[in-house]
2 protein chains.
Amino acid sequence: MTIAEEAAPPVHRFPNPLSRRFFQICTAATAAVVEPAGLTPLEFAVMAYVNSKIGEPDIDQTSLAARLGIDRNNTSLLVSSLEANGLLERRVSGTDRRVRLVRLTGKGEKLFAQLEPKALAGQNQLLDVLADDEREQFLDMLVRVIEANRALARPGAGRRKRNGSS
Amino acid sequence: MTIAEEAAPPVHRFPNPLSRRFFQICTAATAAVVEPAGLTPLEFAVMAYVNSKIGEPDIDQTSLAARLGIDRNNTSLLVSSLEANGLLERRVSGTDRRVRLVRLTGKGEKLFAQLEPKALAGQNQLLDVLADDEREQFLDMLVRVIEANRALARPGAGRRKRNGSS
DNA sequence: TATTGTTATACTCTATAACTATA
DNA sequence: TATAGTTATAGAGTATAACAATA
């Protein structure tokens with residue numbers, strides 16, 4: 001009802017607008033599962049990269065940043081937020097005292113175990129229009145495109161200048 | 001150099017993180033072309049939906065919002081920004097004086113004509129890892145997924161609550 | 001001197017809500 | 001009363017820059 005249902009507005013068949021819409025959809029689906037637990041989709045993504053089931057417990061923050069495709073500053077803030085909620089803990093590395101090793105707490109592991117299946121189901125449901133083999137193909141291609149363009153995955157990707165004419 | 005090149009960090013094979021990375025990449029590629037002209041990727045997207053070549057000149061702002069998958073408020077701001085730069089103009093509709101019809105100015109059309117081929121090339125280049133038929137398939141599937149999940153494409157998709165335990 | 005992480009800050013994108021003006 | 005658009009405001013995400021501690 002919110003948006004014009006009229007004649008199903010066309011989507012431009014170009015990567016950038018398509019990627020934006022796809023991201024919106026995926027984020028909305030994840031948020032629906034994760035928000036009731038007080039998490040943002042990104043915070044949940046951090047937990048996914050750090051948990052003991054599909055993640056890498058005791059990863060350092062710089063590596064975590066690389067996994068997420070964000071930079072160290074934001075990782076720090078995200079980790080602090082999760083830590084403040086008792087979902088995650090930082091430990092100083094024994095071999096290099098600059099490094100913080102990050103892992104979920106018991107509480108964090110438990111919450112992740114509860115949310116992960118729902119989040120995954122919600123995300124996969126988005127691909128229901130695709131046949132099973134198409135779905136695999138689609139994810140494969142997505143991975144390949146991302147791997148191939150890793151270098152672009154986060155430089156100054158949204159800077160502005162305001163007033164292009166002066 | 002910015003990000004750990006170490007062993008090419010794995011990407012989780014789930015829609016949400018993949019969509020985020022893909023969006024980052026696409027946005028970076030678009031920004032590289034569009035920023036030198038003082039535009040953000042989203043402002044450029046507005047121009048793409050409004051220009052006379054591949055867009056719909058004299059579209060109203062609500063329909064434009066639906067095309068972009070954003071809401072009226074932001075459309076208003078975006079349009080104002082482009083208008084302030086002389087790239088776009090608003091006209092009151094003759095048949096309904098509440099409605100503003102949006103179209104590019106001569107200057108806007110000219111700038112869009114300059115940027116569009118470069119932006120398109122930049123975006124398509126991201127898909128170079130894919131074979132030609134794969135690329136078409138990929139875009140098709142992306143469109144289908146988006147069409148199928150239109151309803152999700154922008155409700156309260158990022159709200160928060162802070163402190164899930166209380 | 002280089003690197004890990006932190007803090008401060010700013011800007012884009014997106015959302016909610018309250019408003020004006022038309023219908 | 002409902003709709004198109006505007007304005008104000010806020011929060012999520014991401015960026016730069018300067019800094020502290022450690023190597």
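Proteins come first, then strands; the chains are lettered A, B, ... in the order of their sequence lines, and each starts at number 1.
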[options]: which one has an atom nearest the side-chain heavy atoms of [X]?
X	options	answer
A:Arg97	D:dT22, C:dT14, D:dG5	D:dT22
A:Ser76	D:dA23, C:dT7, C:dT6	C:dT6
B:Arg100	C:dA23, C:dT16, D:dG5	D:dG5
A:Thr62	D:dA12, C:dT4, C:dT14	C:dT4
A:Val99	C:dT4, C:dT14, C:dT7	C:dT4
B:Gln61	C:dT14, D:dT6, D:dT14	D:dT6
A:Leu42	C:dT14, D:dT22, D:dT14	D:dT14

- Message: Could you measure the distance from the CD atom of B:Gln125 to the CG atom of B:Leu120? Nearest 0.5 Å is fine.
- Response: 11.5 Å
Under the 3.5 Å rule, do the base of [N] and the side chain of [X] count as making a donor-acceptor pair?
X	N	answer
A:Asn73	D:dT14	no
A:Arg72	C:dG5	yes
A:Asp60	C:dT4	no
B:Arg98	D:dT3	yes

- Which sits closer to the 5' end of DNA chain D, B:Arg20 or B:Arg90, going by the nucleotide each is nearest to? B:Arg90
- Note on the structure: Ranking A:Thr95 and A:Leu78 by the position along DNA chain D of their nearest nucleotide, the one closer to 5' is A:Leu78
What integer distance in Å separates [X]:[atom1] from [N]:[atom2]?
X	N	atom1	atom2	value
A:Leu77	C:dT6	CG	C1'	8 Å
B:Arg21	D:dG13	CZ	P	15 Å
A:Leu64	D:dT14	CG	P	13 Å
A:Asp96	C:dA2	CG	P	17 Å
A:Asn74	C:dA8	CG	C1'	13 Å
A:Glu83	C:dT7	CD	P	10 Å
B:Glu43	C:dC11	CD	P	14 Å
B:Asp71	C:dA18	CG	C1'	15 Å

- Polar side-chain atom of A:Ser93 near backbone of A:Arg100 as donor-acceptor pair, under 3.5 Å: no
- Is A:Gln61 reaching over with its side chain to a backbone N or O of A:Thr75, donor-acceptor style, under 3.5 angstrom? no
- For A:Glu134 and B:Met141 the tightest heavy-atom approach is O-SD, 3.7 Å
- May I ask you to check whether A:Thr27 and B:Arg20 show a side-chain donor-acceptor distance below 3.5 Å? no
- Message: Taking 4.0 Å as the cut-off, does a side-chain nitrogen or oxygen of B:Thr40 come that near to OP1 or OP2 on C:dC13?
- Response: yes
- Task: Look at the rings of A:Phe22 and A:Phe138 and say which category their plane angle falls in: under 30° parallel, 30 to 60° tilted, over 60° perpendicular.
- Result: perpendicular
